Structures are given as structure tokens and as C-alpha cells.
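In what follows, chains are A, B, ... by sequence order, proteins preceding strands, each numbered from 1. If you're wondering where the values come from, they're calculated on a predicted model, not measured in any experiment.
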Amino acid sequence: METGEDRTEYIAEAVRDAAAASRALSIAGSGSKAFYGRTPTGTTLDVSSHRGIVNYAPTELILTARAGTPLAEIEAALAGQGQMLPFEPPHFGGGGTLGGAVAAGLAGPRRPFTGAVRDMVLGLRLVNGNGEVLHFGGEVMKNVAGYDLSRLNTGALGTLGVILEVTVKVLPRPETEASVRLELPAEALHGAVEGWLRQGVPVSAAVHDGEAALLRLSGTHSGVEQGLARVGGEALADAATVWADWRDHRHPFFARTDTPLWRIALPPGQQPEGLPGEAVTDWAGQQLWLRTDADTAAVRGPVTARGGHAALFAGGDRDSDVFQPLSPVLMRAHRRVKQAFDPGAILNPGRLYPE
Amino acid sequence: MAAPSRYRDEDTRFSVDRDDLITRLSAILPGEGLIVHEAGLRAYECDGLSAYRQLPLVVAVPETVEQVQAVLRLASEWDVPVVARGSGTSLSGGALPHPQGILLSLGKFNRILSVDAQRRIARVQPGVRNLAISEAAAPHGLYYAPDPSSQIACSIGGNVSENAGGVHCLKYGLTVHNVLEVTAVTIDGELVTIGSEAPDTPGYDLLALMHGSEGMLAVIVEIAVKLLPEPPTKSVLMASFDDVEHGGHAVAAIIAAGVIPGGLEMMDGPAIQAAEDFVHAGYDTGAAAILICELDGTDAEVADQLESVQALMREHGATRIQVAADDAEKARFWAGRKAAFPAVGRISPDYYCMDGTIPRHQLAHVLRRIRELSSEYGLGVVNVFHAGDGNLHPLILFDGNRPGELETAERLGGEILTLCVEVGGTVTGEHGVGMEKINEMCVQFRTAELNQFHAVKHAFDPRGLLNPGKAVPTLARCAEFGAMHVHNGELPHPELERF
């Protein structure tokens, strides 16, 4: 199975040229997450034409595709074999590529129950800042040969390398899914979901949209039936659309783009006190989406007090500390890792942290 | 007679006055915290790979994080290698001491600091045994998922350093999927927290990088792991096949049908026989292969899956299927598999355990080739296989007392690992590279990739003091190894001068 076009040489050469000229590159796929991270600088390196599924082996539970392959194409191929990407990546504005999903490391509502993007990345090919094409990991589930540079590049926002190709672990689609709406305060979501999980209820999404909790169960017919009997609530009409809208930020909460949007991650069972603005809850309470004009300290103060962290997801000052600053020791390690991959600092410089 | 050193000249470029080192270390580690006499050092000369032995200069056994920091600061200041060690169960020589260095035992870091049952997080010190975590979580109906065969003895710190697996990885992941945060000491003696209880820690995924880094980047002193609720029901079944290939097809069919078993293990004929003789688990000793399959979930789910898995196994030629009737029988079915290594230890004076991972559809080809290699080299090979995730453990049988047989076993092992790479797999799935598979790394990676590994190492440990000579081969080593091993008519590192 091979579709699309291999643009490895073009991309590697573009990086080598940029490295020789000390010219910064801003890596772009479909542009669906162009708003994310700190302000891009440098010449655009469009990798969207480097696309196509290279290998898909359903019974091995692996799929390898080039970075520019649209998520929609991959998901259609998987659906044809009754499988899926376990991390349910967002398709903002209907776009999104595999490379972008891995570079950003963003996952949808299924994430706390089936795994993060990095949990499913088994290997990748990339071009480092010297223009060298490198291959790490592979197409097998277990692989501890060498450092795990595949997962290190997941969520690195292209600052360590231009991702060329990724192998991900895929999973069977559940036999069936059912979703319900429940009257439940947002603060009670984590505890309730914990209780259900311990009874074997196959929860695969748990959010609170400000009015009610929405819950999805995924599994065998009998498992989902039993689970529904335990959780109660009223059946959710048109559930597939509801979850896709939630994943892709088409829910009305996300429509108001005049106010900055924060993404807050929390330890299990922790709730920040005194957060400004309006919030909705995802990941059974471990991810909050917050809309507020309040300053950074007003958001990060209560969040870090609970062991969490907050990123300015969209809007606001994109030249500020969009991602939560690291401790000095960690920041030093970061700079050295960046230098190990990209000594000329030409790949997406400053997109993650100031150089 | 001392075995030749496994270290190369470039790995042993250090020099420190041992007496001076002892003087400084005794100030940091009072009493029994420092071992200097040969009899004491002997206890640390090897890990689970006992064919490789080396005495360190000294053994440091700190009790506090401050002592670990002080030892590393001193090592940094004086350019002394440091090899961290947990329980010493590594099968790849990951904890083999360095002849010019400090062996840093984390054995006294053996406390479970907290079990937060409500939030399903346990905080533990690195020397805590893997199984002890699940035992501490059990009263709350929780457990820690990764369960390497050595779980009674192996330490969680070592599990992180090797990214240990086990029989439940396909469904529940490896160590990297089940650890939330580590606290580590850098070679400069600085304390750093990597990861967090909250998901998606900001910045690079250094937590993933620490997993499987084999003590080369930092020394781990505390770990927060995720606990899982015990599934309400488990069912275990065992199927016999008269051809290994049929078993392989059954595995593919189960997964294609959308079932992800909690565990899915295969053993070949010789492994079945050895295990049965040892634990009398009721294994079908007439079979060419058996599959042990564990299904977990709610009663209803398990009942459904049990039915479809049995149907698929029959469809793919299972000659006999046994479903465990009760907990005792489930435990018995697993006992043979879990005891496979010691069982093989009873039928052969020594065995050498390989750890390749292959794409599962290559199983029949790889096993056939292993049989051919086995007769070529004149050494028996027994295979146990984490069938769900393609991780193959061929056990090469040999007698270390016969001159040259260890070397023959190692050469055969090298061929098997090369075969794994050739079919698109890897030289190590869960045991790590350590010292054992360092030459085979030259087969799997090209110069540019090895250079990238070295650059990452340099970012954390610029003077190369943490576990020198392990995990990532120097280019000089590969040039020398490549000169002896030409694959597909092509030298792996053609740009290097040959020695």
C-alpha cells in the first residue's frame, strides 16, 4: 500500500539550505493549528505535499504515513478495517495532518481512557536541523533500542526536527458506543467517572459543557448495555456529531474568539479555586478550557497551586509565555536538547519557548 | 580466570586515585554506605546477565537524595564514571559495573512513599520492587500494570530505565505508559522533576526520554506511577496448535476481530515441555505451540469475547482449547509461562535470552530461520513469545563450562537479532541494549542516528560519566564490528575507516 508523494529529498534539501544560510524555517502542514504556540518566525516550509499512507497492517495494529497525510484520509483508511486512531486528534477547521497532530501532541476526549498521542507513537522519520534524515523507533509495539527520540519529538512543535513520517499504534473501533447526558455538577465529574471505571463501565469520554455532563461508553454490546444501566442519564441524540464538535472546538463555548482561550491540565481529582472567566471540563476533570481576559498570573496561580499547568491555547499575546515556563534546571535541559537536534536554531525557533 | 573486559579503550579513558575517592566518598556515605573490600564488591560484579562480570572501584549505597546528589557532584568534579543499579536483574548488562567507576546502588531507596487510592497514584522510591507496588495497591482494588517476568525482584527504577514490559503490555502499555513523573539527579547533582501528575507536561517529553535511557542521562530517585482498577472479571484460556504458524494466524485473527486481550502469550514445543516438567501446569506437551490468552472486563464483556476467541482459535486450527475453571487454574495456566525462564534453566546448564521484536506476520519465517541457525550452530533454542506485541524471547541453550560455547551462543544470538532487524523489527523489545546488544545497535542504526543519540547524551552528560560504554555504541566500535559483519553485501557504516 503506497499512496501520495515522497518529498523527503525536497524537505531535507530545504533544511540544509536554510542551515547553510542560518535562515529560520516555519514548518507548515494543513495550517489547522497555525494559531497554536508562540508566533511563528521564518520562511514557511510547506510539508503538506509529502503525503500518503506508506504501510497499514491492521492485524499488527500499526499504520505508517507521511507527515502531510490528512487525518481524514488516515481515519477513512482505518475505518475501512474497523480501526481508529486511539487519541482522537482534533481536526480544527476541518483540517489537520498526521505530522501536525504528532508535532502538537493534542488529543481529543478519548485521551484519558485510551492514551495520549505520545503513547501511540512507535517510530518516526525526521529531518534534524543539520538536514539529516533520521529514523527512530519502528513499526513494532515494543522497542527499547536507543533513546526514545520518537516520543521526544511528539509535542515538540517541530522545534527538534521536521517530522517526515510517523508510525502509530492503532486500535480496533469499539463494537458499539453510546452516549448520555447527565445532570451532574462539573466538580463531581472526576469522582463519578472513577466510581464507574472501578465497576468496569467502559467510559471513553467524560466532559461537562457548563450545563450538564456528557458521557460516552465504548465497548462490547453487553459491556455498554451494562454500563448504561449503571450510569443512567438520558440518551444523547446525534452523539457522533456532538463528540466531533467537542473535539474540533465547534461547540458554542469555543465560538467566542474575542476572548483568549486557555487550556488547563490538572492532576486527577484536583480543582483550582478562584479561576477567573468561564470554563468547560474535559478528560473527566483533568482538562479545563477557560475563556478569560484575566492576566497570566490570575490563571496560572490557582492552577499551579493544584499541581497543574496552563497554556494560552488561542488568542491573547502570542509573543508571551504561551506555555507554562519551566524550572531553571528543566529549561537548561531543554535548550541543550534543542541544540542537540538543531544547533543553528532554524527549526520553528521560539514556537515553544523563547530561544 | 577473569573474562576479558567488555569495555573498549574509549570507554575506559578515566583515571582517579582510588584511595582519594574512598576518602571523599566516606565523608558523604558514613558507615555501611560505602563498600570497598573485594568480597563486598563481588556481590555487585554482575547483574542478571551473569556471563558479564566486572568489579567496580567502589560501591556507593546512599540512603538519602542528598547523598546521591553529593556522590554525583563528586563524580562530576573528579570525572568518575557512575553506574546506577536497582535490583540488578537486567538481562542486558545494563548495571554491569565500570572498572574505573562507582557502582551506585539504589537498594536502600526501597520505600513506598504513598498510595493515593482515590486518585490512583503511588509514589515510590526507585528500589521498590515492581510486585510490591501492586501488593500495596491490592487492598484498594488497584494494581500497577506492567509486570515483567522478574517482577518479584526487579525494581521500579530499573523498570523506568529499561522501559520494562511484561505480559500485559498490548492492552495496558509499557512502563512509559504507566509512569506520571520521576524525580532525578543530574550528573551535576541537581534535582529535577520530570513529568507531572497532570497530563501533557509543558515542554519536551523528557519523561518519555528517561524511559529506556539505561541510566545514561540522570539518576532516578523517586517515581509516581499510575494505578489501574482491577478488572471485575478475568478469564484465561489455553489453546494447542500442531503448527506454530497456525498459532500465529490465530493471534492475527483475534486482533483483526477487534479483541485486545489483556495477555496473549505463545510458547513453542520445547518451551512447553520445559515448563510442564517444572510446574506441572497441565500444558499440552504434544503441541507444537500453545497460546495463553487472558481476557478481562465486565462479566458480560468477557463472556462475549471468550466465545469469539474460542471460535477464532478453532477456525485457525486449534487442536485443543482449555478454559480455566477457577482462579487456581488461571494461576496454573500462567505459572508455566511465568516460570519459563527458570524452567529452561533446569534443562540446560546455561541459557542466553534474546529479546527481539518482530512484525507478527514474520513469526513463522523467523522461527523457521531460528531453527536453521540453531542446527547450524549446534545449540538448542527454546522460544517464548509475547504474541500480542511481537516480542520474541528465544532462549539459547549452552554450557558455559565448555570452552567456546558461550561465544558460540553469543554469535548465534547476534544472528537472531540481525534477523529481527532484517524483517523490520528491533534488537531489543524490553530488556535494553546495555552492554549485551551494543554491537547489534550498529546493525539497526546508521551513523547519523547514532550521532543524534550521542548528541542527546551530551546534552545531559557532556563528559559521558553516566554508564559509559553502554546502550549507544561509539562509531569506532561499529567500524570494528561492521568490519566483521557485512549484511546484504553492504557495510552498515561505509564512510568509516576499517581497522
Counting the benzene-type ring for Trp, do [X] and [Y] have ring centres under 6.0 Å apart?
| X | Y | result |
| --- | --- | --- |
| A/Phe113 | A/Trp283 | no |
| B/Phe453 | A/Phe136 | yes |
| A/Phe323 | A/Phe313 | no |
| B/Tyr172 | B/His177 | no |

Which portion of [X] sits near chain A, non-hydrogen atoms under 4.5 angstrom:
| X | answer |
| --- | --- |
| B/Val176 | both |
| B/Thr193 | backbone |
| B/Ser196 | side chain |
| B/Lys457 | both |
| B/Leu191 | backbone |
| B/His249 | neither |
| B/Leu142 | side chain |
| B/His386 | side chain |
| B/Pro199 | both |
| B/Leu180 | neither |
| B/Glu430 | both |
| B/Asp304 | side chain |
| B/Glu214 | side chain |
| B/Glu190 | side chain |

Below 4.5 Å from any heavy atom of chain B, which atoms of [X] appear? Answer side chain, backbone, both or neither.
| X | answer |
| --- | --- |
| A/Leu326 | side chain |
| A/Gln226 | side chain |
| A/Leu171 | side chain |
| A/Tyr353 | side chain |
| A/Val133 | backbone |
| A/Ala156 | both |
| A/Arg335 | neither |
| A/Asp119 | both |

Pair B/Lys226-B/Glu197, salt bridge (Lys or Arg N to Asp or Glu O under 4.0 Å): steps then yes or no
CA-CA 9 Å; B/Lys226 189 164 78 176; B/Glu197 289 186 4; over 6 Å; no
Is the shortest side-chain N to carboxylate O distance from A/Lys142 to B/Asp389 below 4.0 Å?
yes
Check this for me, if you would: do B/Glu440 and B/Lys437 make a salt bridge, where the nitrogen-to-carboxylate-oxygen distance has to be below 4.0 angstrom?
no
Closest-packed option against chain A by number of heavy-atom pairs under 4.5 Å, given [options]:
| options | value |
| --- | --- |
| B/Asp188, B/Asp299, B/Leu217, B/Thr186 | B/Leu217 |
| B/Ala300, B/Ala253, B/Ala455 | B/Ala300 |
| B/Gly432, B/Ala471, B/Ala459, B/Gly424 | B/Ala459 |
| B/Glu162, B/Arg120, B/His454 | B/Arg120 |
| B/Asn391, B/Asp355, B/Val433 | B/Asn391 |
| B/Pro359, B/Gly388, B/Gly141 | B/Pro359 |

Check whether any side-chain N or O of B/Ser213 sits under 3.5 Å from a backbone N or O of A/Tyr147 as a donor-acceptor pair, and report yes or no.
no
So for atom CD, which belongs to A/Gln270, do other residues, nucleotides or ligands contribute more than 12 heavy atoms lying within a distance under 6.0 Å?
yes
CZ of A/Arg16: more than 12 outside heavy atoms within 6.0 angstrom?
yes
Count the heavy-atom pairs under 4.5 Å between each of [options] and chain B, then report the option with the highest count.
| options | value |
| --- | --- |
| A/Val144, A/Thr220, A/Leu152, A/Leu157 | A/Val144 |
| A/Val201, A/Leu352, A/Leu160 | A/Leu160 |
| A/Gly200, A/Ser150, A/Pro172, A/Pro267 | A/Pro267 |
| A/His135, A/Gln83, A/Lys169 | A/His135 |
| A/Ala116, A/Gly219, A/Ala145, A/Gly269 | A/Ala145 |
| A/Arg336, A/Arg151, A/Arg118, A/Glu194 | A/Arg118 |

Distance, nearest 0.5 Å, that separates [atom1] of [X] from [atom2] of [Y]:
| X | Y | atom1 | atom2 | value |
| --- | --- | --- | --- | --- |
| B/Thr175 | B/Met210 | OG1 | CE | 13.0 Å |
| B/Thr426 | B/Leu417 | OG1 | CG | 9.0 Å |
| B/Cys169 | A/Met141 | SG | CE | 11.0 Å |

Check the side chains of [Y] and [X] for a donor-acceptor pair under 3.5 angstrom, ignoring hydrogens and angles.
| X | Y | answer |
| --- | --- | --- |
| A/Gln271 | A/Arg306 | no |
| A/Asn55 | A/Thr64 | no |
| B/Glu301 | B/Thr298 | yes |

Qualifying residue, where the test is side chain to side chain donor-acceptor pair (under 3.5 Å) with B/Asp200 and the options are A/His309, A/Gln286, A/Arg111:
A/Arg111
